[in-house]
Amino acid sequence: MKKIGLVCMGVLACVTLTACNNSRHDSIKNSTSSEVVSSSSVSQAKTESNESTSSSKSTADETLDNLKPEQVASAVLVAGTDHSAWENLKESCLNGDGDLKVSLENGVGVTQPGTGMYYLLSLDGERAGMINGYTISQDGKTIYLYSEGEPGSAERTVAPFKTLSADKIIQIAQNNSDAKQIASNVYIEG
């Protein structure tokens, strides 16, 4: 009877040790599996974060300098079409009446001289009695649009009728079909 009790106790000890060992093995296996899932999640989160950073970086890196001058001029023209003189100029460019000519002028009397360069817009050099143009701020982030009848005096200061962000001009240059069409027929004189 003692032998049977000892054998039973030995078998019981083996079963207990085996159960504990299996439990420990499952625990390690689950822990490792958890770590794999965790590290996979972290890796995915890092990748998504990097993609987000790189997409916001590419938007932030876009400036007017990344566009051709013809693209900037045509996008500015399209953006200013809520002014009737600018609308007429845009329609004439699109209808084949002439090409957009941009003349670079210094020292024009405007309230926002920016870099000091004034971009005068006309249809093949004909202004139809209007002075339409724009300036760009020193930091390149703001565009000021101007329109006035030709003045009788050189002593004048003109305020912009519209102010736009460079981001808006970039968006128009890249996505607006009228701006793209006009850009292909821009002549810059400077």
Side-chain angles (χ1 to χ4, degrees), residues 51-190:
E51 287 172 1
S52 169
T53 301
S54 86
S55 81
S56 68
K57 196 182 276 187
S58 67
T59 305
D61 288 345
E62 291 186 24
T63 66
L64 291 179
D65 292 336
N66 295 342
L67 298 175
K68 294 178 181 175
E70 295 85 359
Q71 291 175 296
V72 174
S74 63
V76 170
L77 176 60
V78 168
T81 56
D82 51 348
H83 190 286
S84 63
W86 285 57
E87 174 66 25
N88 292 338
L89 182 56
K90 180 192 103 172
E91 290 304 316
S92 292
C93 290
L94 290 172
N95 293 334
D97 296 336
D99 296 332
L100 179 63
K101 180 179 177 184
V102 181
S103 302
L104 307 179
E105 297 190 6
N106 287 312
V108 175
V110 293
T111 58
Q112 300 294 331
T115 62
M117 186 61 64
Y118 185 80
Y119 302 86
L120 178 66
L121 306 178
S122 64
L123 186 67
D124 290 331
E126 295 298 319
R127 295 186 288 188
M130 296 296 295
I131 298 176
N132 297 307
Y134 63 96
T135 60
I136 300 173
S137 66
Q138 289 284 344
D139 62 7
K141 294 182 179 179
T142 309
I143 295 88
Y144 304 98
L145 283 58
Y146 299 90
S147 184
E148 70 165 329
E150 291 201 42
S153 166
E155 299 293 320
R156 70 188 192 292
T157 302
V158 182
F161 72 86
K162 190 171 192 173
T163 301
L164 299 165
S165 71
D167 291 339
K168 181 68 175 173
I169 296 303
I170 292 166
Q171 180 185 15
I172 291 170
Q174 294 174 342
N175 302 315
N176 184 285
S177 60
D178 288 348
K180 288 178 181 181
Q181 182 180 343
I182 293 169
S184 65
N185 294 307
V186 173
Y187 172 69
I188 297 181
E189 178 184 77

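Rounded to the nearest 0.5 angstrom, K68 NZ and I188 CD1 are separated by 11.0 Å. Note that the CE atom of M117 and the CD atom of E105 stand 9.5 Å from one another [nearest 0.5 Å]. Once rounded to the nearest 0.5 Å, the distance linking CD1 of I143 with OG1 of T163 reads 9.5 Å. One distance of note links CG of N95 with NZ of K90; it measures 10.0 Å at 0.5 Å rounding. Taking OG1 from T63 and CD1 from I169, the interatomic distance works out to 13.5 Å, rounded to the nearest 0.5 Å. Of the inter-residue distances, the one linking L64 atom CG with D167 atom CG reads 8.5 Å to the nearest 0.5 angstrom.
At least one side-chain heavy atom of L120 sits less than 4.5 Å from a side-chain heavy atom of R127.
Although no hydrogens or angles enter the test, the distance criterion places no donor-acceptor pair under 3.5 Å between the side chain of N132 and the main chain of S147. A donor-acceptor contact shorter than 3.5 Å links the side chain of T135 to the backbone of Q112. The main-chain N or O of D82 is never found under 3.5 Å from a side-chain atom of E87 such that the two would form a donor-acceptor pair. For E126 (side chain) and L123 (main-chain N/O), no donor-acceptor pair under 3.5 Å exists by modelled atom type.
Scanning both residues, Y144 and P160, for their nearest heavy atoms gives CB-CB, 4.0 Å. Scanning all heavy atoms of the two residues, the minimum distance from I182 to S74 falls at CG2-CB, 3.7 Å. Closest non-hydrogen pair, S122 versus L89, comes out as C-CD1, 3.8 Å. Contact record, K101 with E189: NZ-OE2, 3.3 Å, taken as the closest heavy-atom pair. Across C93 and L77, no two heavy atoms sit closer than the pair SG-CD2, 4.4 Å. Closest approach of K141 and D139 over heavy atoms only: N-OD1, 2.9 Å.
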Query raised in the report: For L121 and Y146, what are the C-alpha separation, side-chain angles and deciding distance, and is it a side chain to side chain contact (heavy atoms under 4.5 Å, CB included)?
Result: CA-CA 10 Å; L121 306 178; Y146 299 90; over 6 Å; no
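Between Y119 and Y134, the angle of the ring planes stays under 30°, which puts this pair in the parallel group of the 30/60° scheme.
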